[in-house]
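The structure under discussion appears below in the form of structure tokens.
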Amino acid sequence: MDVSSRTLENLARGLAEKNLARSRYMLAAGAAHRDGLAVVELLFVRTAEQERVHGRQFARLSQKLGGAHVRAEGAYPLEMEQDTVQWLRRAKEEEDREAGEWREFARQAREDGVPQAADLFERVAQVDETHGDRFARWAGRLEDGELFARPLPCLWRCIVCGHTQYEEGAPERCPLCLGPQSQFLALEGEDWF
């Protein structure tokens, strides 16, 4: 395999993995919806959209580098989880695995003399680490009963109508749209998605 074909193969693998991640997160969003966790559903939907964009960037760069039909082999996890916390924990594991893989692909792209691919893989690795950290944080909060309550007051926003209020916990019902507590998000900088 010549150097350029190795980078093209890694870009194709990246596209395949991002498409699988997007599908997996949409399934997870369905589980969160069934569990009545609207904000977790939105977390998965927004992350799925970000995965789509990452895949598109892999495809665009592959095309720019001359890759049209690239064969890429790999093992892609297809496990289905039973509940929202398990989906969040699995997502953390997958994001960490992918971040490590993208860093290895970046190293290979540098060796191949394709700095734009190395830069892309590094940027996606950074985002995936952020995704993983956020999934772990949300899983912990859900397990600890802190997803809709905080030890100190903070600003809460309804993800449906935008109503905000400053409290220790999200209201039982939104005073504006009358939606359930599960559609409130604590407005803490690290949790925006």
Side-chain angles (χ1 to χ4, degrees), residues 1-32 40-82 84-142 188-193:
M1 174 187 323
D2 71 12
V3 243
S4 63
S5 64
R6 183 171 68 171
T7 293
L8 287 173
E9 180 180 319
N10 289 342
L11 287 165
R13 284 181 60 193
L15 172 61
E17 287 196 35
K18 289 301 180 178
N19 284 330
L20 181 61
R22 181 177 184 275
S23 295
R24 191 171 49 245
Y25 293 153
M26 292 307 294
L27 292 169
V40 181
E41 177 184 3
L42 182 60
L43 169 69
F44 279 120
V45 168
R46 294 262 172 98
T47 307
E49 175 59 16
Q50 292 168 358
E51 298 292 355
R52 184 190 67 76
V53 171
H54 298 167
R56 182 179 64 207
Q57 293 308 105
F58 288 146
R60 283 181 175 168
L61 183 55
S62 177
Q63 186 175 32
K64 181 179 176 183
L65 295 174
H69 292 70
V70 179
R71 181 178 172 85
E73 295 183 25
Y76 305 104
L78 300 173
E79 294 89 357
M80 298 288 289
E81 303 303 334
Q82 298 302 313
T84 301
V85 171
Q86 289 174 333
W87 278 108
L88 288 164
R89 292 286 180 206
R90 168 64 72 177
K92 162 68 171 154
E93 293 170 10
E94 288 303 317
E95 293 292 339
D96 288 349
R97 181 192 61 75
E98 285 183 0
E101 186 172 38
W102 306 145
R103 288 213 159 76
E104 175 59 22
F105 289 176
R107 184 193 63 73
Q108 289 177 357
R110 276 190 221 76
E111 286 178 9
D112 292 351
V114 189
Q116 63 268 47
D119 291 346
L120 176 59
F121 283 125
E122 283 292 342
R123 285 191 303 273
V124 172
Q126 289 172 349
V127 173
D128 284 355
E129 285 175 346
T130 301
H131 287 169
D133 292 346
R134 187 174 56 224
F135 285 134
R137 200 169 39 255
W138 282 50
R141 287 180 180 157
L142 193 54
E188 298 172 336
E190 80 273 4
D191 279 340
W192 279 104
F193 41 81

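Scope of the values below: all heavy atoms of this structure, side chains included, with no hydrogens, waters or symmetry mates.
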- Measure the acute angle between the ring planes of Phe135 and Phe44, then classify it against the limits of 30° and 60° as parallel, tilted or perpendicular. parallel

- Query: In Å and rounded to the nearest 0.5 Å, what is the CD to CD distance from Glu9 to Gln108?
  - Reply: 9.0 Å

- Item | Contact summary for Leu15 and Ala59, nearest pair of heavy atoms | CD2-CB, 4.1 Å

- Message: Salt bridge or not between Asp133 and Arg137? Use side-chain N to carboxylate O under 4.0 Å.
- Response: no

- Can you see which heavy atom on Ala21 is nearest to which on Glu98, and at what distance? CB-OE2, 4.1 Å

- Report the C-alpha separation of Tyr25 and Leu43 in whole Å, then their side-chain angles, then the decisive distance to 0.1 Å, and conclude whether the side chain to side chain contact (heavy atoms under 4.5 Å, CB included) test is met. CA-CA 9 Å; Tyr25 293 153; Leu43 169 69; over 6 Å; no

- Query: Would Lys18 and Asp128 satisfy salt bridge (Lys or Arg N to Asp or Glu O under 4.0 Å), going step by step from the backbone distance to the final call?
  - Reply: CA-CA 11 Å; Lys18 289 301 180 178; Asp128 284 355; 2.8 Å; yes

- Query: Can Glu93 and Arg89 be said to form a salt bridge (Lys or Arg N to Asp or Glu O under 4.0 Å), step by step?
  - Reply: CA-CA 7 Å; Glu93 293 170 10; Arg89 292 286 180 206; over 6 Å; no

- Query: Could you state the interatomic distance from CG (Asn10) to CZ (Phe121), rounded to the nearest 0.5 Å?
  - Reply: 5.0 Å

- Query: Once you round to the nearest 0.5 Å, how far does CZ of Arg46 lie from CD of Glu41?
  - Reply: 11.5 Å

- Please report the C-alpha distance between Trp102 and Phe58 in whole Å, then the side-chain angles of each, then the deciding distance to 0.1 Å, and finally whether the side chain to side chain contact (heavy atoms under 4.5 Å, CB included) criterion is met. CA-CA 11 Å; Trp102 306 145; Phe58 288 146; 4.3 Å; yes

- Task: Heavy atoms only: give me the nearest Ala109-Ala118 pair and the separation to one decimal.
- Result: CB-N, 3.6 Å

- Query: Looking only at heavy atoms, what is the nearest atom pair of Lys92 and Ala136, with distance?
  - Reply: CD-CB, 3.8 Å

- Arg24 with Glu17: basic N within carboxylate O range, under 4.0 Å: no

- Message: Could you measure the distance from the CG atom of Leu88 to the CZ atom of Arg90? Nearest 0.5 Å is fine.
- Response: 12.5 Å

- Roughly how far, to the nearest 0.5 Å, is CG of Asp112 from CG of Leu65? 10.5 Å

- Taking all non-hydrogen atoms of both residues into account, name the closest pair between Thr7 and Ala117 and its distance. CG2-CB, 3.6 Å

- Evaluation steps, side chain to side chain contact (heavy atoms under 4.5 Å, CB included), between Glu49 and Val45: CA-CA 6 Å; Glu49 175 59 16; Val45 168; 5.9 Å; no

- Item | Closest non-hydrogen atom pair, Asp96 against Gly132 | OD1-CA, 4.4 Å

- Can you measure from CG (Asn19) to NE2 (His54) and round to the nearest 0.5 angstrom? 12.5 Å

- Message: Just to verify, which of Arg134, His131, Glu95, Arg52 counts as forming a side-chain hydrogen bond (donor to acceptor under 3.5 Å, both in side chains) with Thr47?
- Response: Arg134

- Message: Any carboxylate oxygen within less than 4.0 angstrom of a Lys/Arg side-chain nitrogen, looking at Glu122 and Arg110?
- Response: yes

- Please assess Glu111 against Arg6 for the test salt bridge (Lys or Arg N to Asp or Glu O under 4.0 Å), listing each intermediate value before the final yes or no. CA-CA 10 Å; Glu111 286 178 9; Arg6 183 171 68 171; 3.1 Å; yes

- Message: Please check: side-chain N/O of Gln86 versus main-chain N/O of Gln82, any donor-acceptor pairing under 3.5 Å?
- Response: yes

